[in-house]
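Here, residue 1 is the first one in the sequence, and each next residue gets the next number.
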Amino acid sequence: MIRTENLAKVFRADEVETVALKDVNIAIEEGEFVAIMGPSGCGKTTLLNILGLLDNASSGSYWFKGKDVARLSDYQRTALRKGKIGFVFQSFNLIDELSVYENIELPLVYMKMKASERRKRVNSALERLKITHRRNIFPRQLSGGQQQRVAIARAVVTNPDLILADEPTGNLDSINGAEVMNLLTELNSDGTTIVMVTHSASDADKANRIIQLFDGHVLTENFRKAI
């Protein structure tokens with residue numbers, strides 16, 4: 001599903017260059033659950049953004065589902081990730097002015113899906129994440145754990161091939177964090193490929209494989225269990 005060759009990312013500001021990634025070579029197969037770990041500032045989120053087609057690499061190659069996407073335009077990247085990639089963020093990234101239902105529905109609106117199919121998809125996601133009773137309230141009325149459930153429902157409502165999770169338990173207590181990790185594990189068991197950035201060793205232990213980044217390059221890869 002994912003393959004990179006000598007992937008690099010350099011940020012430039014005035015005369016200052018910051019190397020965020022260098023010579024990153026990874027391969028992730030369909031159905032894997034991969035955790036990316038490393039100290040703050042080592043390039044984890046930068047790599048996730050490139051894998052999610054939210055940003056471009058400065059050099060190197062990136063193939064997603066067999067397609068070379070490293071040099072696609074912004075429009076082409078947006079079109080490719082619609083319906084194929086779901087995102088789960090540490091800060092939830094819900095829209096306060098929209099209800100739970102409307103937040104989950106939003107990606108389907110962007111995909112210009114018919115209203116009848118949107119209702120079916122959203123209701124299914126609400127049931128799957130056990131938040132049907134919260135459908136008409138707003139994010140500010142929810143606990144952190146409930147907000148992350150809504151964020152996961154929004155990520156899965158398009159039936160994506162890949163979910164990218166950036167510190168999905170970072171703003172949660174241990175109980176809600178464990179529930180979120182159980183949800184991600186269930187999604188992976190159902191066949192969804194998951195790539196997760198985390199500082200948590202216990203969260204990473206849920207993955208099939210751990211990729212350790214350091215100073216922008218892959219330091220080690222450890223297989224935890226068979227997929």
Side-chain angles (χ1 to χ4, degrees), residues 1-5 7-9 20-21 23-40 42-57 60-70 77 80-93 107 148 151-170 177 180-214 216-227:
M1 174 178 280
I2 287 172
R3 180 164 61 92
T4 71
E5 287 185 2
L7 200 70
K9 180 66 177 180
L21 297 172
D23 297 328
V24 174
N25 297 282
I26 61 173
I28 297 171
E29 302 296 331
E30 289 192 18
E32 277 199 273
F33 188 161
V34 175
I36 300 175
M37 301 189 74
S40 296
C42 73
K44 301 186 301 295
T45 295
T46 299
L47 177 57
L48 206 69
N49 287 340
I50 293 173
L51 297 182
L53 307 177
L54 296 175
D55 198 1
N56 259 342
S61 300
Y62 170 33
W63 284 268
F64 176 66
K65 296 182 73 67
K67 184 179 182 66
D68 185 355
V69 299
R77 291 200 307 272
L80 183 60
R81 69 173 175 262
K82 278 184 180 179
K84 295 182 177 64
I85 303 175
F87 297 89
V88 178
F89 302 97
Q90 176 178 353
S91 57
F92 316 133
N93 284 14
Q148 196 60 295
I152 293 173
R154 181 185 58 192
V156 303
V157 74
T158 62
N159 295 327
D161 301 312
L162 171 67
I163 288 180
L164 300 175
D166 193 357
E167 298 283 1
T169 67
V180 165
M181 288 309 304
N182 287 337
L183 288 170
L184 292 177
T185 302
E186 289 174 11
L187 290 170
N188 179 245
S189 296
D190 291 340
T192 305
T193 305
I194 297 176
V195 180
M196 173 183 68
V197 162
T198 183
H199 281 101
S200 168
S202 61
D203 287 356
D205 195 50
K206 301 285 188 181
N208 311 126
R209 179 159 49 112
I210 298 174
I211 296 174
Q212 290 277 356
L213 289 186
F214 184 76
H217 66 272
V218 176
L219 189 64
T220 60
E221 291 191 58
N222 299 313
F223 286 86
R224 311 291 295 176
K225 55 191 175 182
I227 61 175

| message | Against Thr198, only a single residue in Asp205, Ile210, Asp203 fulfils side chain to side chain contact (heavy atoms under 4.5 Å, CB included); can you say which? | response | Asp203
| With a 4.5 Å limit on heavy-atom distance, are the side chains of Asn25 and Val218 in contact? | no
| query | Any side-chain heavy-atom pair from Ile50 and Leu21 closer than 4.5 angstrom? | reply | yes
| Side-chain donor/acceptor of Glu167 to backbone N/O of His199, under 3.5 Å | yes
| note | Sorted by chain and number, sequence neighbours left out, salt bridge (charged side-chain N to carboxylate O under 4.0 Å, His left out) with Asp166 holds for none
| Close side-chain approach of Lys65 and Leu162, heavy atoms under 4.5 Å | no
| query | Can you tell me if Ser202 and Ser200 form a side-chain donor-acceptor pair at under 3.5 Å? | reply | yes
| said: Test your reading of the model: is there a side-chain donor-acceptor pair from Ser61 to the backbone of Glu5, 3.5 Å cut-off? | reply: no
| query | Side chain of Asp23, backbone of Ala8: donor and acceptor closer than 3.5 Å? | reply | no
| said: As an exercise, state the distance from CG of Leu164 to CG of Leu51, rounded to the nearest 0.5 Å. | reply: 6.5 Å
| query | About how many Å separate CD1 of Ile28 and CZ of Phe64, when rounded to the nearest 0.5 Å? | reply | 10.5 Å
| Side-chain heavy atoms of Leu184 within contact of Asn188, under 4.5 Å | no
| task | Could you go through the side chain to side chain contact (heavy atoms under 4.5 Å, CB included) check for Leu47 and Leu7 one step at a time? | result | CA-CA 9 Å; Leu47 177 57; Leu7 200 70; 4.0 Å; yes
| said: Just so I know, are the side chains of Asn56 and Arg77 near enough to count as touching, which here means a heavy-atom distance under 4.5 Å? | reply: yes
| query | What side-chain hydrogen bond (donor to acceptor under 3.5 Å, both in side chains) pairs are there with at least one residue in residues 84-93, not counting sequence neighbours? | reply | Gln90-Asn171, Ser91-Asn93
| field | Residue pair Leu213 / Pro39: nearest heavy atoms and the distance that separates them | value | O-CD, 3.6 Å
| task | Go through Thr193 and Asp161 one step at a time and tell me if the side chain to side chain contact (heavy atoms under 4.5 Å, CB included) criterion holds. | result | CA-CA 6 Å; Thr193 305; Asp161 301 312; 6.0 Å; no
| query | Is a donor on one side and an acceptor on the other found under 3.5 Å between the side chain of Lys44 and the backbone of Gly38? | reply | yes
| request: Answer yes or no: is there a side-chain heavy-atom contact under 4.5 Å between Phe87 and Ile163? | output: no
| said: Measuring from atom CG of Leu219 to atom CD1 of Ile211, what distance do you get when rounded to the nearest 0.5 angstrom? | reply: 12.0 Å
| Under a 4.5 Å cut-off applied to non-hydrogen side-chain atoms, are Glu29 and Arg209 in contact? | no
| Counting N and O atoms only, with roles assigned by atom type, does the side chain of Gln148 sit under 3.5 Å from a partner on the main chain of Pro168, one being a donor and the other an acceptor? | yes
| note | For Pro107 and Val157 the tightest heavy-atom approach is CG-CG1, 4.3 Å
| query | Is there a side chain to side chain contact (heavy atoms under 4.5 Å, CB included) between Thr192 and Phe33 once you walk through the steps? | reply | CA-CA 8 Å; Thr192 305; Phe33 188 161; over 6 Å; no
| query | So which heavy atom on Asp68 is nearest to which on Trp63, and how close? | reply | N-CD1, 3.5 Å
| query | Side-chain contact, heavy-atom cut-off 4.5 Å: Ile152 with Leu187? | reply | yes
| field | Intermediate values then yes/no, side chain to side chain contact (heavy atoms under 4.5 Å, CB included), Leu53 and Leu80 | value | CA-CA 8 Å; Leu53 307 177; Leu80 183 60; 3.7 Å; yes
| What pair of heavy atoms forms the shortest contact from Gly52 to Arg81, and how long is it? | O-CD, 3.5 Å
| note | Nearest heavy-atom approach of Ala155 to Pro160 is O-CG, 3.2 Å
